[in-house]
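A quick write-up on the structure given underneath.
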Amino acid sequence: MSRDRADTGSARRESIQRGPNPPSVDTEASRSVWHARWALIRRELQSLRSEKTIILAIAIQLFIAAFSSFLVVGLVSMYDPSAIEGQERAIAVTGEDTDELAAVASQQDGLGVDRYDDRADAHAAFEEGQVDAVLDANRDDEGRLVVRTTVPDEGLQTTVLVVQLREALETLEYTERIANADRLAEQPLSVPEAIEASPYAGFTYTILLPLLLFLPAFISGSMVVDSLAEERQRGTLELLRVAPLSFVDVVDAKLVATAVLAPIQAAVWLALLAVNGTAIAQPFALVGLVAALSVLVAAVGAGVALYAPERRQSQLLYSVGIVGTLVVSTALPEHPANTVAKFATGSATATSWLALAGYGIAAAFTLLALRWYVDRLEPESL
Amino acid sequence: MSRSEGPSIGPADAPGDGADDGFASKLRRLGRIARWEVTRSTGTIDRRTLLILVVMIAVIGVVGFVAAEDGLGLDDEIYVVGVDESNPYHDVAVEANQFRPVSLSDVEIADDGESGNVDLVLTPDGEIGYVGPNGEAAYDVFRNAVGSYNEGLMAAENDSPAAYPVFVSLEYQDRNLGLFAEEGFETEGETAGDGEPGSGDGGDTDDDTEADDDTEADDDSGMTTDPDADGMPSTDDGLQVPDIGGGAGEQTAPGTPGTLSPPFPFEALVLAFLLIVPMNFVIQVYGGSIMQERLKRRGELLLVSPASRTEIVAGKTLPYLLGLVGLTAAIVLSIDGGVLSIAAVFPFALLFLGATFAGAMFARSFKELTFVTVTVSVVLTTYAFVPAIFSNVTPIALISPLTLVVFDLQGESVELVEYLFSTGALYLGSVVLFLLGIGVYREEDMFAQKPIPAKIIDAIVSQIDSITARVHAYASPFVLSILSIPFVFGAQLLGVALLFAIPDAVALPVMFVFAAAVEEFAKSIHVYAGFARSRFDSTIRVGAILGGISGIGFFLGEKATHAVQLVGIPDLSVGTAAFGPALSSEPLVLVALFFAPLVLHIVTAVISTVGATRGRTSYALAFVVATIVHVLYNLGVIALVA
């Protein structure tokens, strides 16, 4: 086992550090217990390091973050023409009632208007590639402007064109509504001028950031499940019992070793985001939130691993449980992801702070419950 | 245990203990192992766990259903807006869920608007100001919220022509400009309203349709060249009276300008995604089962049985594969898909299982296995999902079989060539992964604890051994380079899919280096494995010979990827970076372009394999050099052609 290889050096050192066996005096004993705990925590972290598990874990998080950012950046730039620069595209405006349409469309960024009196000419120009769209505007009996739009079937370019046309037509709709003001009970509000704003801000705060903060906690929980289940199945949990530690201490050490990783990773993600220009209003609250969650999740993971007879079941229970918790948490007054977003944007309300306190209390309570359960557990039965 | 059997290349030609008896008894053994796998797996899930799982899933279902009704609320109140109740925009802030309105008297702004306790301020005279780092983003969201609020107001109006003064229909039409003539792939457009037509009052529709017919007649005279512009079924649906539901920001009914949407097969995509989800759970169980064999030497029992290891692995995999096919078929039936969907997802199931099998053979512990399976899930899901997003946009989408599912659900036909293009790499890739795993499915490797890279080297070496036993030691680089092609192809396609939406300035350099590095790695890693495990003499001469053979093999294999040119990927600049420019029609250039890569592949492979003779560090250095040479060559060729 890798652990054996990695530990040969440190094991020798530990055997020197470890107190007399059997422990003699009370103070000595408590010190040696602390030593043993610390050794166990180190052993756990070392196995993570030697198996490169933690590197893989971080790589996965990076990949997921890159994947979801890609989705959004890709999609936003595809469907938001202002996000990619492009040259002006000519569109043909034809039909019986073209004045308003032509006026509005020529105001639109990236569109140039050619007016054609004859529909056939407009379509011929379209076929020859002189214009990229034909807008055929006519009034119907009720005074509606009906615009028949023809765009080329040319993939990405068309996608951008359609979005540009939509913006122009929405502006046209607004001006037409104002012209109909006397027939409307309520006046539409004027839409403010567009400004240059990052289209990714909402995504960063509500999806990416919660993802980056929750994933480490879930991964920590999964590591506790695997670690305990594996020691059980390999029979090495038995060996740990010869250490001057109670079974509660053993489980505690595993919890500490993994749960501590999540807030550290979260802090690193927050720092990286801040460097990249995403302002994080309350980073300490967020790290605290992750710490509470990771203790909570790791304690639940440890409980599951000790309860279920085999690793397959415990992983199944754990992963279904995590998915379930995420779904069930929508029933909370504030979804955890929403709490994260509010702390990050600085819009935290009393509910957010209460939620944070609630997670802390839940973590403490779960930890106590786990200790109580482990205390009553017969280690021989595992 | 002394088994004379060499690593087997396929079930059909597996020699060894079972070679003397017939095909029927092989099948019988395979079936028995499959049966064991099923009974043992179902046996280990006890009633208690099952009950808990059922209860959890039920709770998830109920709460999920309730939650789906009123949204996830992830972006609730993330921005604060200072506005008085008398302001007409106050209602906008109340109705849009992203905003929390506070009264203007509570607003505190410091540092000249650099920070404050609000993101937006709406002054009584109608001006909108933004504050702090998120002010601009909040302003943008607010702008959209005003639009949605207006839609809500207009939906309540009685005078529908006044409230909806503009109607739009959208038609996609092929036009032949010469440029796109050779695209071997057609994106059938759909009209904007591919959802259900609004169920609102149909009375108005008649009028609109009349107006529509009127214009249609004119149109037909206009477009003479394209008789099959009729693929757009619902130009008339586009003229329905809007049926706007209560929820602002929801998809409004077709007709108004706001409903124009670019071609994006959202619904079909979500459904196609459904097909991938179960695989992620099944591979967890499958990986666990394989791993279990390796704990406490349990797998030894099966290894000493008369079954060959190919039969053991096939038998252990079969139930999961059949289960996945069954699940897929059930899902496909429930979403009204066809046989094509099942056929498109099948290679994916195979690849998921193959990657998990190889991963479970390499992993040292459950912890490692968990991460291997998660990596497999994430990478393969990306490979399936990202390209499919562009289903109706670019032919690149075809690299993912999910695109075929999307086409199937949209009722479009798919040609055999397209099927082979998007699934070929997957079939080959899964076969290679199974081969690698089976190569180390033997006593000396299964129960040994080694780091994953060392295990991978072992697995490759076991393939070298088997090729050596059959043909000659020098044949192995040739065969293994060819076998690596599906992975190289897959990695490069994934790279193209990930990068093509990003501006060329960033994407091109990354793609050049990435594509070259992937190819160099594929050409040299197996030779390095041979040197590392002393299968070849560590002399420069042997290194050069092996490199040359590997280069030739890779060159021949790579010719297969020229299939990409059939679907027009090199038209994209990122595609050119990965696969080289489209073939020119000039005969001399053609010949040069055909053989220049051969020289390149041999040269770079020799560089890195000669480095590999001197151990890991010199291999790494030589690999970097080879990659640089490769990049320079690619740049040169593109400059030459352009």
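Hydrogens, waters and symmetry mates are skipped; everything else that's a heavy atom, side chains included, is used. Chain naming here is simple, since letters A, B, ... match the order of the sequence lines and numbering starts at 1 in each.
Contact of A:Thr345 with chain B is made through backbone and side chain together, with heavy-atom distances under 4.5 Å.
Side-chain contact between B:Glu151 and A:Glu173: present, with at least one pair of heavy atoms (C-beta onward) separated by less than 4.5 Å.
Nearest heavy-atom pair, B:Ala162 versus A:Asn180, reported as atom, atom and distance to 0.1 Å: O-ND2, 3.2 Å. When all heavy atoms of A:Ala348 and B:Arg100 are compared, the closest pair comes out as O-NH2, 4.2 Å.
Taking OG1 from B:Thr370 and CE from A:Met223, the interatomic distance works out to 10.0 Å, rounded to the nearest 0.5 Å. Atom CD of residue A:Glu334 and atom CD of residue B:Glu77 lie 8.0 Å apart, to the nearest 0.5 angstrom. With rounding to the nearest 0.5 angstrom, the CE atom of B:Met291 is 6.5 Å from the CD atom of A:Glu230.
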Original post:
Going through the checks in order, is the side chain to side chain contact (heavy atoms under 4.5 Å, CB included) test met by A:Leu184 and B:Met154?
Top reply: CA-CA 8 Å; A:Leu184 294 174; B:Met154 292 302 114; 4.1 Å; yes

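In this structure, A:Thr149 contributes its side chain and B:Leu170 its backbone to no donor-acceptor pair below 3.5 Å. B:Asn150 places no side-chain N or O within donor-acceptor distance of the main-chain N or O of A:Pro188, the cut-off being under 3.5 Å. Distance alone, capped at 3.5 Å, places no donor-acceptor pair between the A:Arg177 side chain and the B:Pro165 backbone.
By number of non-hydrogen pairs under 4.5 angstrom with chain B, the leading residue of A:Thr325, A:Leu165, A:Asp226, A:Val225 is A:Asp226.
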